[in-house]
Each structure stands twice: as C-alpha cells, then as structure tokens.
2 protein chains.
Amino acid sequence: MRDVAKLAGVSHQTVSRVINEHPNVRAETRERVLAAMRSLNYRRNLAARTLATRESRTLGIVGFETTLFGPESMLYGIESAARAAGYLVSVATVRDLSHRPVLEAVDRLVQHGVDGIIAIAPKPAVTTALTHAPTGMACVAVGGDSQAGFPTVRVDNAAGARIATQHLLDLGHATVHHVAGPLDWPEAQARVDGWRETLYAAGAVVPPITTGWWDAAAGYEQGRKLAGDPSVTAVFCANDRIALGVLRALHEAGRRIPDDVSVVGFDDMPDSGYFMPPLSTVHQDFAELGRRALALLLHNLGLPDGDSPEDVVVAPRLNPRASAAPPRD
Amino acid sequence: MRDVAKLAGVSHQTVSRVINEHPNVRAETRERVLAAMRSLNYRRNLAARTLATRESRTLGIVGFETTLFGPESMLYGIESAARAAGYLVSVATVRDLSHRPVLEAVDRLVQHGVDGIIAIAPKPAVTTALTHAPTGMACVAVGGDSQAGFPTVRVDNAAGARIATQHLLDLGHATVHHVAGPLDWPEAQARVDGWRETLYAAGAVVPPITTGWWDAAAGYEQGRKLAGDPSVTAVFCANDRIALGVLRALHEAGRRIPDDVSVVGFDDMPDSGYFMPPLSTVHQDFAELGRRALALLLHNLGLPDGDSPEDVVVAPRLNPRASAAPPRD
DNA sequence: TTCTGGAGTGTTACCGTTCTCATCCCGCTC
DNA sequence: GAGCGGGATGAGAACGGTAACACTCCAGAA
C-alpha cells in the first residue's frame, strides 16, 4: 500500500480512501491511485484490515461431518449468498452433535475471528452449546426445529408431514403408516407430529411408528416389518433415503407399488425421481434455506446488540410422482 | 495480551513465548502466565498473528457448487485432517468449472490470506486457472485425473473401470456395455479408457458408448436405449447415480437384473446397497482422498519453493453385490 | 579471578490497514 | 475583506501480535 501511495504521489491514507470508496476524493486522484494499484497488482491485506476494524468479513459454519443430503445443500446456499455479500465462509465440522465438539468447533471459528456463525443444527445440543459459548458472537441456526431464544431458519417439517399424510388420505387410504427418523432429532419428531395430527383430524387410526437412522438400511429394516402386514397400504417415510429402503423391502415381499402400497418420502433429493417407482415426496429447498439463514445472520450482525431472534420458516411442498396412488382395494 | 502480561507481572513478549511454547521460559513463570490467561479468558488474536507472521493457518478449498457425492465427502476428509493439523478451512465455490469463476474464487481465497489451496478439481480448467493464478500459493488438486506439473491426489479411475469390466467378463459375459459420464471430465474419460482396454485385452467386442451427465436422469435415458438391445447382458456405469437410472430403465423394459442384464456402478455411494437389486460397484474412499490431499498440501507448504509435485494415486476396489451375476444364456 | 555462554526476560520495531484529527485551500456570506 | 464551512488530503496513532536484539544473571571453564 505504501508503494501504491508513493507511485501515485499521495499518502497511504488517500489510497485507503480509494479502496473503501470514500466520497471525498477527487476523481483525478482516484484514477491515479487506481492506476497505481493496477500496475503494482496490489491487493489489500485483509489480515491487517481485520486487525484494524475487528471485522474479518468471514463467516463460520458449524457443520455435521456426515453426508446427509440436507446439510450439504445448505452449505452451498450459504456460501453463494455469502459470496454475494462479500463474505468468505469457513467450515468447522463436528464428528457428533454433542456439547464438547460443538464448543470446540465454535472456539476454533472464534479464534479465527469470524464475524458470525451459522450452525447447521439439526439437534438442540448444538444450539445449546452455542448459547453457552462465551462470546457475543451473532449466531443463526439453520435446519432442525425452532429453538427457544435462538434465531432459526428452518423448513416447516410438521406442515410437510401434514401435506404428505393428507395426500395419502385424500387418495383414499384408510390410514397412513410412518417410518420415522431418529426421534432425538427435532426434525424427525416434527414430522411424526404432523403425521399424527393429520390422522387424528381425519379420524383415522394412528398406527405405531418405527424409528431408525436416516438411511436406506433403516428404511429396509423397518420396511420388512410393514411388508408383512397386509393392512398397510400407505407409508409416509421421514426422508427419501428411508423410502428407498422401504421400497426395496416392499418389493422383495412381493407388494407392488403403488398398486398394493403407496409410499411418500421427504426431501426430494436429486435422484428420487428415478427410484422404482419414482418417489412422491415432500420437496424442501435447502439452498433457499441456506440463503435465508445468511440473510438473517447479516441482518442480526447489523443490529445493535440484543438482537431480535425473529425466526424464518419456509414452507415445503409436495412433489407427487408415481409411488403414491389410490388404494386398489 | 497486554492485560495478561500486566496481571502476570511479565512483559507481553514473555506471554507470547508461553503461547508459542517457547522452551526458554521458567516453569514457574509459565504457570503464572497461564493462570493469568485463564482468569482473563484470553484468546490470541489470529488476525494480528497473521499480520506479523504472514501465515494464517487457514486453508482454502475451491469447490464445485453442486451436490455430487464425491466432492462432498472429500470436503469432510480435508476438513477433519486440517483440524488435526491446526488449520481451518475456508470454502469458495464456483458455479461452473470454467476459467473466470475459478480465478475469482482463488482470488477471494488469496485476499483472505489462506496459506494454501486445495482444488476439488474434476476438470482441467480448474487446475489451468490455478496455474495461471498470479501467486506463489501452494496448491493441490484432488479428484479429476493427473494434471501435468500439478500435484494431484486422485483415485485410479482407469484401474477401477478395469476391475469392474473384468469382473463382468469373468462372470462369463461376452462383452460389457458402458454408460459413460460427461467425457470432458477426465474421470469419465479414464473410466472409458479402463473399460476399453480391458475389453481389448480380452478380445471382446467394444460396443459404442453413450454419454451424459452424472445423474440418474442421464442413466435412465441411456438405459432405455440399451434395454431395447437383447445382446446387452452386462453394463458398466460411470457412477452409481447413472446406474440407478439404468436399473430403472432396464426394469421398465422387463429385463430382469441380474438374470437378464448385469449392472456395475462406480463410487459406492451410501445407499447403493439398497437399489433394486443391490448394486455391485467400485468403491472409492473419498474421505481418505481428502486426507491425502491435505497431507500433500502441508508437505508442499513446508517445502522451499519449487515444490515437487509428486502425485498420489489411491486404488479403488470392487464391492460386489447382487446386481452382477453370470449371464443366464 | 575473569571470561564465556546460555537461559530467562524485557525493549523496540514492524506487519498493513483504518481511524482520528489537523491542515490547507477554496468559495461563499455578511 | 474578514470570517466561515466544507472538500481534499496528510500525519500519526492505534489494532494485537511476533521477530530481533539487548540485557541481566549465574554456572562453569581458563
């Protein structure tokens, strides 16, 4: 920067003003400085800027180290929105969603001087840890379910479950079975709630649920149990991967889909339209979620101090395909 | 830091020595300083450290903004290895793998002062852009295929294709068809090469290939063409998602798998064991790839200047499941 | 005894910005 | 024509660390 100033024949301060687009610089001077910057291939040193302004233009993301579809997609949504806003994102992942690892991840981000943190936080342990973090850092959680006193951006899981369940009921099924995700995840719990509510409201029998992890193996295992029960004609799965396992279990048991059993998933992950048969599922826009999370964080960043949490809830929608149809009876 | 020094009754320099575990500090003094740090809840300001040492302990990742399974998993492998080495990772994604966006991403990372860059670089355009980046930054590419003069960590795609093809030939199939990925991706091309070589070596007919994107939609489209040809008894797909589409197309055409047609995929993504039928596929360890990439980068970081590229190639292995079997003939 | 060397500590400069305040010059008002 | 306000610029001090060097001990060798 000193070199630029010298070359342009001005003080370093004027160079700084040009960089920061300060209005009070004569146009001619600005041009001279810009030319000098170009010819020296100057780039401002962000570390120094950070030191002086205590603002790093870097955002931290606390992520969950596993390949679940949702978190991945949100990362990209956040990153591209952050880029547009002039921020870089740093990622700290945790191996499991318990207190200690999350605190460590936050600490790492804070040490590196991030301006704010977005937690991809499907379990409350994460936001709890965040609240206890000894820092006045602006934080936003994305995914999971609403957390008291913590700004959150999420999909309305219960609504999604209602849509799916109602869809199956509307097709004429007497009731709908549910293969749930891990119930200590609020998202899984909210989907159970939405499903149950809808059955209640329709006066339908509420069958017992089974639960397991978010993957096809769990879906397969639980699907085998359902497959043996001829009264099962409609199944709502907590996500698409589970649905994949369920489809296979039903198929192996000789139950045709959707002729004998209808199946609906949740997520609308990329290839679910190519399952056998193509999966009817609840679509959620993860990238949008990421963008909204970033917008909320930026907003809270500008706020004085005791920020207003003000949650954001995004509505999911049904993406009907071939796996759900009226019962054959 | 000044406060810590004052509280401990030493100079700030001694505090710095304690932080950096310099040996020449009396044990008693060190204790006093550590106690002061604890009681003031002191954390060193990395921006200042970066400014002084011109080393940020941050690594940059240039990623591809799409949910392909491989890149995702590599990100986690890199991040956890980086964490262990005391680095934080910052991610800059690009919307497409052309020159300009990659340069911009690199520029963003450089501005933020990363110490090195790992490019998740399936296409040569990325490494080309990186080589032209006006900076002596240490770079490593992961994924893709070998790039002249650029340190690369990758899976041996050709070997994987050979394994898959040979597996099908060994089962007794006269030849093997191939549904390729986009041929401007070196990975896709290498898989074609490995497949073709193996057929040549076995003296088998080399059928024409079809190509498309890496997803199930492409697989379905190409699978429909193959399904109509009764001479097709074995299909090697460039990845698992394509295989999913192919499976569905074959199924719809009434061809049983593996009785009529055997199918082998590539990647071994999480739920491929729950396709119908479970997919035989070539397994690649993306997380390991990420770890190796990081190790290579750190190694090159320590090197004087004109670094030794020294590529790393990881061997894939077959994960046989139900979708490949001897031909029924 | 005197010299030497290294362990332990302090002093000062410097990393590259931004911020605050001072300065200068100009045109305007009274 | 003196006073005044504001635009354009510069000077110097932060920001919070690390690096280089100087200094003080004190033990052991000459």
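Order of the sequence lines sets the chain letters (A, B, ...), proteins ahead of strands, with each chain counted from 1.
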Any Lys/Arg nitrogen of [X] or [Y] sitting under 4.0 Å from an Asp/Glu carboxylate oxygen of the other?
X: A:E187; Y: A:R154; result: no
X: B:R57; Y: B:D115; result: no
X: A:R292; Y: A:E288; result: yes
X: A:E104; Y: A:R108; result: no

Tell me what A:T29 touches on the nucleic acid: a base, only sugar-phosphate, or nothing, going by heavy atoms under 4.0 Å.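 Sugar-phosphate: the residue A:T29, judged by heavy atoms under 4.0 Å, touches backbone atoms but no base.
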Parallel, tilted or perpendicular: which fits the ring planes of B:W185 and B:F64, with parallel below 30° and perpendicular above 60°?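 Ring orientation of B:W185 relative to B:F64: tilted.
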When you compare the side chain of B:D96 with that of B:P101, does any pair of heavy atoms fall below 4.5 Å?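 Yes; the side chains approach each other to less than 4.5 Å.
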Out of curiosity, B:I61 CD1 to B:L75 CG, how far, rounded to the nearest 0.5 Å?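 Here the interatomic distance stands at 5.0 Å.
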Rounded to the Å, how far apart are [X] [atom1] and [N] [atom2]?
X: B:M37; N: D:dG16; atom1: CE; atom2: P; answer: 16 Å
X: B:R26; N: D:dC26; atom1: CZ; atom2: C1'; answer: 12 Å
X: A:N24; N: D:dG10; atom1: CG; atom2: P; answer: 14 Å
X: A:R32; N: D:dA8; atom1: CZ; atom2: C1'; answer: 12 Å

Which letters describe nucleotides 13-26 of chain C, given B = protein heavy atom under 4.0 Å from base, S = only from sugar-phosphate, - = neither? --BBBBB-------
side-chain N/O A:S11 vs D:dA11 OP1/OP2, d < 4.0 Å: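 So the side-chain polar atoms of A:S11 never come under 4.0 Å of the phosphate oxygens OP1 or OP2 of D:dA11.
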Looking at five pairs on each end of the helix from C:dT1-D:dA30 to C:dC30-D:dG1, what is the angle between the two axes, given to 10 degrees?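 The end axes of the helix from C:dT1-D:dA30 to C:dC30-D:dG1 are about 60° apart, to the nearest 10°.
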Do the side-chain N and O atoms of B:S90 and A:S90 include a donor-acceptor pair separated by under 3.5 angstrom?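 Yes - a donor-acceptor pair under 3.5 Å links their side chains.
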